[in-house]
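To start, the structure itself, in structure tokens.
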Amino acid sequence: MFGCIVAGRLVQTDPQQVASDKFVFSLPDCENVNHVVVFMLGTMPFPTGTGGAVYFSFPDPNTSPVWQLLGFITNDKPSAIFKISGLKAGVGGEHPFGMMSASHMPSVAQVGVSIESLEQLAQQTPVSSASVSTVDSFTQFTQKMLQSLYNFSSSFAVSQAQMTPNPSEMFIPASSLRR
């Protein structure tokens, strides 16, 4: 039902179901993560009148997890990018994950999705430092992603003299990627 992308290096589509309406993704190496993306897979919509509140929890071996509300996703807004680099461990508020048993205490950071009514989602206030990324940061992300694509593709570059004809293989000129 949900997926989670962590800083472009980890994609998860199989959260652990910890209750009938609660799902958790584990995020290893969270110290170096700036953003997470939570999205619906499109295989199953939320039940009518509900959406998913998205929470984040830092690992703390000395205490129970502290969950911070990042925002929400719904059938009408099936994905969101959240900035988590400014969040602080140990700072949180009310959350639906408080009743998790000790076996669910994390040694890694976690992103939780709690299915809640749309009315309840509208009344909740996310932590201020977990702003949903704006178009400007999306544009910046896209530019960096395209630069990475160009760099990756260029690593396979050969001169025209080095090419061996293969009618079943398509070649894309580097100049078209550069443009």
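The figures that follow rest on heavy atoms only: side chains count, while hydrogens, waters and symmetry mates do not.
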Could you tell me which non-hydrogen atom of Met1 sits nearest to which non-hydrogen atom of Pro45, and how far apart they are?
-> CE-O, 3.6 Å
Heavy-atom pair of closest approach, residues Leu69 and Ala53 | CD1-CB, 4.0 Å
So [Y] and [X], do their side chains get closer than 4.5 Å, heavy atoms only?
X	Y	value
Ser154	Asn151	no
Phe39	Pro78	no
Phe58	Gln110	no
Cys4	Leu27	yes
Ile115	Phe23	yes

Would the distance check show the side chain of [X] and the main-chain N or O of [Y] forming a donor-acceptor pair, the cut-off being under 3.5 Å?
X	Y	result
Ser176	Pro173	yes
Gln12	Pro15	no
Lys83	Asn34	no

Is there a side chain to side chain contact (heavy atoms under 4.5 Å, CB included) between Met40 and Asn75 once you walk through the steps?
-> CA-CA 8 Å; Met40 296 180 65; Asn75 290 334; 3.3 Å; yes
For the hydrophobic clusters of this structure (ILVMFWY residues joined by side-chain heavy atoms under 4.5 Å, transitively), does one cluster hold both [X] and [Y]?
X	Y	answer
Phe2	Phe72	no
Ile73	Val111	yes
Phe46	Val54	yes
Val6	Ile84	yes
Phe152	Ile172	no

How far does [atom1] of [X] sit from [atom2] of [Y], to the nearest 0.5 angstrom?
X	Y	atom1	atom2	answer
Leu149	Thr142	CG	OG1	12.0 Å
Phe56	Trp67	CZ	CH2	9.0 Å
Tyr150	Met145	OH	CE	16.0 Å
Leu118	Thr74	CG	OG1	6.5 Å
Glu116	Lys22	CD	NZ	7.0 Å

Considering residues at least two apart in sequence or located in another chain, which fulfil the side-chain contact (heavy atoms from CB on, under 4.5 Å) criterion with Gln162?
-> Val158, Ser159
Thr164: what forms a side-chain contact (heavy atoms from CB on, under 4.5 Å) with it, not counting sequence neighbours?
-> none
Please walk me through it: do Val36 and Ile5 pass side chain to side chain contact (heavy atoms under 4.5 Å, CB included)?
-> CA-CA 6 Å; Val36 295; Ile5 301 174; over 6 Å; no
